[in-house]
Amino acid sequence: MSVQQPCVLLVEDESAQREVLTYNLEAEGFRVAAAETGDEAMLLVAEENPDLMVLDWMLPNVSGIEICRRVKADPETRHIPIIMLSARSDEGDRVRGLETGADDYVVKPYSVVELMARVRTQLRRTRPTTMGERLSFQDIILDSGEHRVFRSGKSLHLGPTEFRLLSTLMERPGRVWTREQLLDRVWGRDIYVDTRTIDVHVGRLRKALMAYGGDNPVRTVRGTGYALG
Ligand code: CA
């Protein structure tokens, strides 16, 4: 399993709906974490660090709206796009859903095809390299669909780990990543890797990026980690 595979957290209390959506999301190539209740959802947000949430409005106990509010109020999780599902078609409810910070809103009964399209739209925005997009930073181009990297028009040779590392850095140029965050993204949470391993791979990435000249684009942030630019 590729650790670049986006994780979708599905929160839906109706089992038939949960099964249909899990099946379709997996068919799209996503890893699915499913929760039946709001409490379970909050645990999975912390454990799985999902790339996107599909969240039912009507849940027992803690409502979808409350979950949405909590996720969007926490600086650690507010970047996670949320697509709300609701049986309510009233315009006022739709506005209320979006006001709580939901990124999109789909009314039940929805078309699965349309929901999948909306999931892809959100992920193209937030996790472009997992969706086969082409990214650029200064004279560096990363084509995640073709799995190739170019600098000043020259094709570079990167190992798979260096490629994932560069993909992560290029999704948010300027952002400072801690070594732990990079480990999560590049190796995944389930694998134990010493944080020093990151330094070794950053060294290899720099060497590959500078193979035909050019400045070192990967900045070391003392005591923290790394950033691109
Ligand atoms: Ca429900």
Side-chain angles (χ1 to χ4, degrees), residues 1-133 171 181 184-185 188-190:
M1 188 184 75
S2 158
V3 289
Q4 286 280 296
Q5 198 180 26
C7 174
V8 175
L9 173 55
L10 170 65
V11 190
E12 167 64 84
D13 59 317
E14 288 144 72
S15 62
Q17 300 248 17
R18 211 167 49 241
E19 274 170 37
V20 167
L21 289 181
T22 300
Y23 175 84
N24 282 277
L25 288 164
E26 286 178 350
E28 291 277 333
F30 305 128
R31 188 162 69 79
V32 178
E36 292 179 40
T37 66
D39 292 327
E40 212 183 320
M42 288 313 292
L43 278 177
L44 287 175
V45 166
E47 275 175 20
E48 300 283 341
N49 190 21
D51 295 296
L52 179 136
M53 286 174 74
V54 174
L55 176 61
D56 187 24
W57 178 307
M58 298 296 280
L59 294 169
N61 305 319
V62 188
S63 74
I65 282 287
E66 180 55 27
I67 296 299
C68 182
R69 247 188 226 115
R70 289 187 199 170
V71 170
K72 292 297 182 181
D74 184 342
E76 289 285 310
T77 58
R78 68 182 353 146
H79 63 276
I80 301 172
I82 296 180
I83 301 176
M84 295 279 308
L85 303 178
S86 170
R88 302 163 187 230
S89 55
D90 176 57
E91 192 62 24
D93 285 330
R94 181 188 156 83
V95 169
R96 201 153 73 91
L98 293 173
E99 272 176 359
T100 59
D103 298 85
D104 202 354
Y105 187 98
V106 175
V107 176
K108 289 182 180 179
Y110 50 82
S111 129
V112 171
V113 173
E114 190 197 337
L115 178 58
M116 293 303 133
R118 293 192 187 206
V119 166
R120 286 194 300 271
T121 298
Q122 292 296 328
L123 287 171
R124 265 199 294 275
R125 183 173 64 81
T126 56
R127 296 297 315 278
T129 58
T130 63
M131 303 303 288
E133 301 284 291
E171 284 189 351
Q181 286 168 337
D184 272 1
R185 268 293 180 86
R189 294 207 154 185
D190 307 333

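Both ligands and their constituent atoms are indexed starting at 1 by order of listing. Along the sequence shown, residues carry numbers from 1.
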*Asks:* Return each pair, listed once, that meets salt bridge (Lys or Arg N to Asp or Glu O under 4.0 Å) where at least one residue sits in residues 54-65; pairs must be two or more places apart or across chains.
*Replies:*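 Residue pairs with at least one partner in residues 54-65: Asp56-Lys108.
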
*Asks:* Would you find a donor on one side and an acceptor on the other, under 3.5 Å apart, between the side chain of Glu40 and the backbone of Glu36?
*Replies:*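 It does hold such a pair.
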
*Asks:* Could you work out, with salt bridge (Lys or Arg N to Asp or Glu O under 4.0 Å) as the rule, every residue matching Glu28, not counting sequence neighbours?
*Replies:*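 If we apply the salt bridge (Lys or Arg N to Asp or Glu O under 4.0 Å) test to Glu28, skipping adjacent residues, the hits are Arg120.
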
*Asks:* Are there any protein N/O/S atoms under 3.0 Å from the Ca ion (ligand 1), and if so, which?
*Replies:*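 Only Asp13 OD1, Glu14 OE2, Asp56 OD2, Met58 O fall inside 3.0 Å of the Ca ion (ligand 1).
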
*Asks:* I'd like to know if the side chain of Glu14 and the backbone of Ala16 have a donor-acceptor N/O pair within less than 3.5 Å.
*Replies:*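 No, because the side chain of Glu14 does not come within donor-acceptor range (under 3.5 Å) of the backbone of Ala16.
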
*Asks:* Glu114: what forms a salt bridge (Lys or Arg N to Asp or Glu O under 4.0 Å) with it, not counting sequence neighbours?
*Replies:*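 Only Arg118 meet the salt bridge (Lys or Arg N to Asp or Glu O under 4.0 Å) criterion with Glu114.
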
*Asks:* Could you check whether any side-chain N or O of Gln122 sits under 3.5 Å from a backbone N or O of Ile82, counting only pairs where one atom can act as donor and the other as acceptor?
*Replies:*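 No: the side chain of Gln122 does not pair with the backbone of Ile82.
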
